[in-house]
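Reviewing the structure listed below.
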Amino acid sequence: MLIATHSGKFHADDVWAVAVLDLVFPGCDLVRTRNMDIIAGADFAVDVGGIWDPKAGRFDHHQKGFAGARESGVVYASAGLVWKEHGPRCVAQIARSHASYSLSEESARQIAYAIDGDLVQYLDMADTGAAKNAPGSYGLSAVISGFNPNWLDEQAAATPAAADELRLAQFRRAMEFMKDILVNAVKYRVSGLLALEQVRSSERLEQGRLLFIRNSALPWATVVRNEMPQVLFVISHNIAEQRYMLHTVPAAPETFEARKDLPASWAGLQGAELAAVTGVPDAGFCHNNLFIAAARSYEGVLRMAQLALNEPG
C-alpha cells in the first residue's frame, strides 16, 4: 500500500496523519510529492489531493468549500481527518501490542475521542491558524516543525535529489517521534482503565473504612473519592522501596484537605520518634501535613491505620 503526502516543508498535522496510517496499516510505502498522477494512484492521500473521502483514503482539507469540523466547531486538518476515521482502530492496536490488553470497541472509541480532545485538535488548530497548541517554541506543532531541514542543511545536500532525500529522512524521524507520543497517550489511558479495575476489586478492611492496594503506583485517588465514600484511609505497597504507605483520601480534587487526617501527634516524626508515639516498631515517617505515613511491614502500617481510624475528630 502507498501513502502519499505533499513534498516540501512538513507540519505536525501531516506527520501525525501518516504516522497513524503507518501504525494501522504497517508496511506501507511513503511518497512525498505533488505529482497528481502519483497522488491519484496512492492508497492514501494525506494533506494533498484536494479530496476528503475517508472511504477512498483521501484526507485533504485545503480544497475550496471544505467544511469539516468537530461538534465543538474546531475545524479539521489532516491529523483530525485521519484520526476521526482510523483513531479507534489505532488505539486498539496499540493497546494490544504495547499493553497486551484487548479494548472493547466502545473503550477504544472513547480513548480515541479523549486523545483528540487532548492532542489532535490542537495539531489541527495550529495548522489552520486557529491557535497555537502551546506558548513559545515548544508546543508539539513547533517541535515537529523543527525536524524540517533548514537552509544550511539543504545547502549542504548540494542537489535537489539529495535535499528531497534529507527531507524524507527527517519526516520519518518526526513520524517515529510522533508515534512515541501516540503510544504513550494510549498506554496512559489503558493503564488508567486497568488501574480502575484493580482499585475497585481491592480489599476492604475495618468495616470498609480502609482500602488495601497492592501496588502504590496505581492511581487510586479519583475512584476512591468518587465511588467509595466510606473509605477514610488507603494502605498501599511501595514495591520499589519495599515499604507500606498509609494515605489519607482527598476530600476534593486539587486539595490536601482529607476526609480524615492522620493523628496530629505524628506530624513530622520519623523512625524512633514515630515508633515511640505509635507503638509500631517499624514506623518510618509521617509527613508534617499529615496526609501520608509509612512503615516497613504490612502489620505495622495496618496498626497505624487502625490508630488513625480510632483517633477522635
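All values below come from the heavy atoms of this structure, side chains included, with hydrogens, waters and symmetry mates left out.
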| request: Start with the C-alpha gap between T5 and F10, add the side-chain angles, then the distance that decides, and say whether side-chain contact (heavy atoms from CB on, under 4.5 Å) holds. | output: CA-CA 9 Å; T5 189; F10 52 81; over 6 Å; no
| task | Show the numbers, then the answer: is there a salt bridge (Lys or Arg N to Asp or Glu O under 4.0 Å) between R32 and D164? | result | CA-CA 9 Å; R32 301 189 70 241; D164 283 343; over 6 Å; no
Measuring from atom [atom1] of [X] to atom [atom2] of [Y], what distance do you get when rounded to the nearest 0.5 angstrom?
| X | Y | atom1 | atom2 | result |
| --- | --- | --- | --- | --- |
| L81 | D124 | CG | CG | 7.0 Å |
| I39 | R34 | CD1 | CZ | 8.0 Å |
| K84 | W52 | NZ | CH2 | 6.0 Å |
| E299 | L302 | CD | CG | 8.0 Å |
| I115 | Q121 | CD1 | CD | 13.0 Å |
| D22 | M178 | CG | CE | 13.5 Å |

So, [X] side chain and [Y] main chain: donor-acceptor pair closer than 3.5 Å or not?
| X | Y | value |
| --- | --- | --- |
| Q242 | I239 | yes |
| R58 | A40 | yes |
| Q93 | L23 | yes |
| N184 | D180 | yes |
| S107 | L103 | no |
| R209 | E206 | yes |

Is there a side-chain contact between [X] and [Y] (heavy atoms, below 4.5 Å)?
| X | Y | value |
| --- | --- | --- |
| V224 | Q230 | no |
| Q170 | R167 | no |
| D261 | F291 | no |
| L211 | R204 | yes |
| L182 | C90 | yes |
| I94 | V91 | no |
| Y101 | L194 | yes |
| T248 | F233 | yes |

| Modelled atom types, side-chain donor and acceptor of S78 and D14, under 3.5 Å | no
| field | Donor-acceptor pair between H62 and D60 side chains, under 3.5 angstrom | value | yes
For this output row, return yes or no: ring centroids of [X] and [Y] closer than 6.0 angstrom.
| X | Y | value |
| --- | --- | --- |
| W266 | H287 | no |
| Y298 | F212 | yes |
| F147 | F177 | yes |

ILVMFWY network linking [X] to [Y], side-chain heavy atoms under 4.5 angstrom:
| X | Y | result |
| --- | --- | --- |
| L168 | L166 | no |
| V183 | V190 | yes |
| M304 | L205 | yes |
| F25 | L2 | no |
| L119 | F59 | yes |

| query | Under the criterion side chain to side chain contact (heavy atoms under 4.5 Å, CB included), which of V277, I292, L262 is the partner of C286? | reply | L262
| How far apart are the C-alpha atoms of D118 and R189, what are their side-chain angles, what is the distance that settles it, and do they pass the salt bridge (Lys or Arg N to Asp or Glu O under 4.0 Å) test? | CA-CA 12 Å; D118 287 348; R189 287 165 175 82; 2.3 Å; yes
Of all the heavy-atom pairs spanning [X] and [Y], show the shortest one and how long it is.
| X | Y | result |
| --- | --- | --- |
| G208 | V231 | O-CG2, 3.5 Å |
| D282 | G300 | OD1-CA, 3.7 Å |
| I144 | A174 | CD1-O, 4.1 Å |
| V75 | R70 | O-NH1, 3.5 Å |
| R296 | E241 | NH1-O, 3.0 Å |
| L290 | P263 | CD2-O, 3.3 Å |

For [X], I'd like to know if atom [atom1] has over 12 heavy atoms of other residues, nucleotides or ligands within 6.0 Å.
| X | atom1 | value |
| --- | --- | --- |
| E105 | CD | no |
| R173 | CZ | no |
| E257 | CD | no |
| K260 | NZ | yes |
| Y188 | OH | no |
| Y113 | OH | no |

| message | Quick one, Q198 with R214, criterion side-chain contact (heavy atoms from CB on, under 4.5 Å). Give me CA distance, side-chain angles, the key distance, then yes/no. | response | CA-CA 9 Å; Q198 289 200 34; R214 297 183 180 276; over 6 Å; no
Look at the rings of [X] and [Y] and say which category their plane angle falls in: under 30° parallel, 30 to 60° tilted, over 60° perpendicular.
| X | Y | result |
| --- | --- | --- |
| H86 | F44 | perpendicular |
| Y244 | H237 | parallel |
| H61 | F66 | perpendicular |

| message | Assess the residue pair M175 and V18 against the criterion (side-chain contact (heavy atoms from CB on, under 4.5 Å)); give the C-alpha distance rounded to whole Å, side-chain angles, the decisive distance to 0.1 Å, and a yes or no. | response | CA-CA 7 Å; M175 276 177 59; V18 174; 3.7 Å; yes
| task | Begin with the C-alpha distance, continue with both residues' side-chain angles, and end with the deciding distance and a verdict on side-chain contact (heavy atoms from CB on, under 4.5 Å) for V249 and V234. | result | CA-CA 7 Å; V249 176; V234 171; 4.1 Å; yes
